[in-house]
There are 2 protein chains.
Amino acid sequence: MTDIHKPAERRRLSMVDVAAHAGVSVGTVSNVLNRPELVAEPTLRRVRASIKALGFVPSAPARQLRGGSGRSVGVMVRDIGNPFFSEVLPGIETRLSQEQLLLVLCSSSDSIEKEAHYLQILEQHRVPGILITPAGQDISHLVELRRRGIGMVLLDRPGADSQLCAVAVDNVRGGELAGAHLLALGHRRIAFLNGPSIVRQCADRREGLVKAVRAAGLDPGEVITEITLPALTPREGEAALELLPLGKGGPTALFCVNDTVALGALRGLERRGITVPHDMAVMGYDDVEFAALLSPSLTSVRQPKHQLGQAAAELLLTDARGDSGHWHQEIVFQPELMVRASTGA
Amino acid sequence: MTDIHKPAERRRLSMVDVAAHAGVSVGTVSNVLNRPELVAEPTLRRVRASIKALGFVPSAPARQLRGGSGRSVGVMVRDIGNPFFSEVLPGIETRLSQEQLLLVLCSSSDSIEKEAHYLQILEQHRVPGILITPAGQDISHLVELRRRGIGMVLLDRPGADSQLCAVAVDNVRGGELAGAHLLALGHRRIAFLNGPSIVRQCADRREGLVKAVRAAGLDPGEVITEITLPALTPREGEAALELLPLGKGGPTALFCVNDTVALGALRGLERRGITVPHDMAVMGYDDVEFAALLSPSLTSVRQPKHQLGQAAAELLLTDARGDSGHWHQEIVFQPELMVRASTGA
DNA sequence: CGCTGGTATTGAAATGTTTCAACTAGCTTG
DNA sequence: CAAGCTAGTTGAAACATTTCAATACCAGCG
């Protein structure tokens, strides 16, 4: 037994080993890797052969130590499980992978502490930039990080006072589109299943809806019945129906702040034998992937999620590069109304 | 103009600066950070004060250079957009964040080249481990990486010949559950909308279905009509209906390999005026979040996605730690049948 | 007073790169 | 043939940490 010993703890290979194997100096190996045009053809071949033969893999940390900031950017979302983010992420990934950047995914789970902790680790890692949907209202800590040289772009939230770059969709306009659509169909009593108004997106969509009603020369107070849900889930969407007078004189249309909420509402209406869109028109928001596939298919307000992600990544790239001439840019996308069966196409 | 000059390119602070500020050596600063119990109380306070005052943030790359492998693990999925992965990811994230590990998200987009490229970068970054749903059949490159000291766990795929750790759900059993359910309801002509059989999951579910039919003493060749879809999307699911004899003598039940496919099938059936479940029973697989919310609600086979992610992360942790005594462990979860309206509850 | 043991701190080596000034060898040119 | 040029290569410093042997100081003890 005693003569069985572990295989000698092989030290990881470094450029020194490659240099020795190829009979050149480390500087040359580095040149082969980074500026091959400086190296003579035969040497180039020899060194590359050695790299292959030994299975050498350069160390990113060592590179970064010398070179400054690294090649992975942070992406902080509030909840990875949310389908909205899963549809935004591909856009981000696409753009980042083009730049050979790694995507470090952090989920704050809506906790300020967790967010702060992740931010700290990201700073330690010397990431060149961070893409974030902040958990809280206050973004001063983000401005501070930006000041310390980390690129920073707000995702799906307007950049308060243009202190930071931001990418968002115009939620007021989206609410307006939805409202105008329902009014054009003749609805005069609209129930609005909204989320808590501290959530910026909810407040904005509401504002848009009100605007549309006013533009039609009507009184928002009479037309809109707003119900505030504690959470934006199907369950809450269904439960909210309890609070509505569903018979004669009740609302003829339902605007849900979210497709997920709309899902629950649809289910609840079906249970009660209320047919959509005949007895009640229903609208959602976000146009998530399955919205078009429900029966009845759901009228919704589309957000260009893939583009949103791509634009955010793009903006982060320029912010992280620190090009002077670049200041707090804000990109606002326009939402698009998708009319489908649930409002009577 | 000429007297306006950039603020002197502030060099990032290092432990040297902190040491100078606190009047101690760098070694002591390092001790304060890593082994505070070795440092005398007053010194500790003084150094900590300096760190705070200067706003010093230690450099992860430098740490890693000295210390060996880093604190971020790679997670490679085939497609971030896939709702299946978005439901697995939270499980992974939860576990990793407990260990203070960063999650580096890579999407191979089903391209072997892109996967290889990402793997290369991850190796350069000296990640301690990688969680991966491989794009291709061949996993020898993964075994090789494992041999070079990178923890490796297969996600949602059995570890071929136990060469690697793996976490998966028993797809054969899942197919069997689905088949048995439909047979118990009296269906004797079942259409199976499957994906390409090179995809392991598809082949396994098929095997389960066949097994169930045999177990009922019937001939799979007669009972099952299999249609192979080029891609697992709603569009293809709907298109597949064209290939089925839908009238009298045609199948009375539809087993879709995927909820997404089932979605398309449901839509197609509705268009054709075929009512579910009366004229045709429909089943999906995965039990994604909205399956229960479709109308009719979709019978499906649930996979414990959150647990799957958590278990995978757990396994990766032990594999990466390189505890000897740990070899190619394989965790297989059991799927669960969720009976709903689409098969006539 | 010299030793021992213990605690707190230090200084320097080591980690794996990149970069750059300096050097060499081989040519061309006047 | 000396001087100058070019292309290719080298060696060492720098990057920010960790670790560890060495040192300094002090108290207690024989």
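Note on naming: letters A, B, ... go to the chains in the order of the sequence lines (proteins, then strands), and numbering restarts at 1 for each one. What you see is a predicted model, and the numbers here were worked out from it, not measured in a lab.
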Using a 3.5 Å cut-off and no angle test, enumerate the donor-acceptor pairs between side-chain atoms of residues 112-121 of chain B and protein atoms at least two apart in sequence or in another chain.
{"from": "B:E113", "atom 1": "OE1", "to": "B:S111", "atom 2": "OG", "distance (Å)": "3.4"}
{"from": "B:K114", "atom 1": "NZ", "to": "A:E93", "atom 2": "OE1", "distance (Å)": "3.2"}
{"from": "B:K114", "atom 1": "NZ", "to": "A:E93", "atom 2": "OE2", "distance (Å)": "3.1"}
{"from": "B:K114", "atom 1": "NZ", "to": "B:S107", "atom 2": "O", "distance (Å)": "3.3"}
{"from": "B:K114", "atom 1": "NZ", "to": "B:S109", "atom 2": "OG", "distance (Å)": "3.3"}
{"from": "B:E115", "atom 1": "OE1", "to": "B:A135", "atom 2": "N", "distance (Å)": "2.6"}
{"from": "B:E115", "atom 1": "OE2", "to": "B:H141", "atom 2": "NE2", "distance (Å)": "2.9"}
{"from": "B:H117", "atom 1": "NE2", "to": "A:Q100", "atom 2": "OE1", "distance (Å)": "3.0"}
{"from": "B:Y118", "atom 1": "OH", "to": "A:E93", "atom 2": "OE2", "distance (Å)": "2.6"}

What pairs of donor and acceptor atoms, side-chain ones from residues 306-315 of chain A against any protein atom, are under 3.5 angstrom apart with sequence neighbours left out?
{"from": "A:H306", "atom 1": "ND1", "to": "A:Q310", "atom 2": "OE1", "distance (Å)": "3.3"}
{"from": "A:E314", "atom 1": "OE1", "to": "A:R95", "atom 2": "NE", "distance (Å)": "2.4"}
{"from": "A:E314", "atom 1": "OE1", "to": "A:R95", "atom 2": "NH2", "distance (Å)": "3.2"}
{"from": "A:E314", "atom 1": "OE2", "to": "A:R95", "atom 2": "NH2", "distance (Å)": "3.3"}

Side-chain atoms of residues 67-77 of chain B: list all donor-acceptor pairs with protein atoms under 3.5 Å, sequence neighbours left out, distances to 0.1 Å.
{"from": "B:R71", "atom 1": "NH2", "to": "B:E99", "atom 2": "O", "distance (Å)": "2.7"}

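Taking the 5' to 3' direction, DNA chain C first and last meets chain A under 4.0 angstrom from a heavy atom at C:dG16 to C:dT19. Taking the 5' to 3' direction, DNA chain D first and last meets chain B under 4.0 angstrom from a heavy atom at D:dA16 to D:dT19.
Residues B:F85 and B:R78 approach most closely at CE1-N, 3.7 Å, considering heavy atoms. Looking at every heavy atom in both residues, B:L54 comes nearest to B:D17 through CD1-O, 3.9 Å. A pairwise comparison of heavy atoms in B:P134 and B:L142 identifies CG-CD1, 4.0 Å as the closest pair. The two atoms that bring A:P304 and A:F333 nearest to each other are CG-CB, 3.7 Å, heavy atoms only. Of all non-hydrogen atoms in A:T94 and A:P90, the two that sit nearest each other are OG1-O, 2.6 Å.
As judged by a 4.0 angstrom heavy-atom cut-off over every strand, A:P61 is placed among residues making no nucleic acid contact.
In terms of modelled atom types and a separation under 3.5 Å, the side chain of A:R126 and the main chain of A:E123 share a donor-acceptor contact. For the pair B:T28 (side chain) and B:V24 (backbone), a donor-acceptor distance under 3.5 Å is absent. Side chain of B:S30 to backbone of B:V26: no donor-acceptor contact under 3.5 angstrom is found.
Applying the side-chain hydrogen bond (donor to acceptor under 3.5 Å, both in side chains) rule to pairs touching residues 40-49 of chain A yields A:E41-A:R45, sequence neighbours excluded. Sequence neighbours left out, the pairs with a member in residues 129-139 of chain B that pass side-chain hydrogen bond (donor to acceptor under 3.5 Å, both in side chains) are B:D138-B:S140. Residue pairs satisfying the side-chain hydrogen bond (donor to acceptor under 3.5 Å, both in side chains) criterion with at least one member in residues 49-68 of chain A, sequence neighbours excluded, are listed as follows: A:H21-A:S50.
Sorted by residue number, the members of residues 17-25 of chain B with any non-hydrogen atom under 4.0 Å from DNA chain C read B:V24, B:S25. Near DNA chain C, meaning a heavy atom under 4.0 Å from it, residues 28-50 of chain A has A:S30, A:N34, A:R35 in order of number.
In this structure, the helix from C:dC1-D:dG30 to C:dG30-D:dC1 shows an angle of 70° between the axis at its start and the axis at its end, each fitted on 5 base pairs and rounded to 10°.
Qualifying side chain to side chain donor-acceptor pair (under 3.5 Å) partners for A:D79, counting only residues two or more places apart in sequence or in other chains: none.
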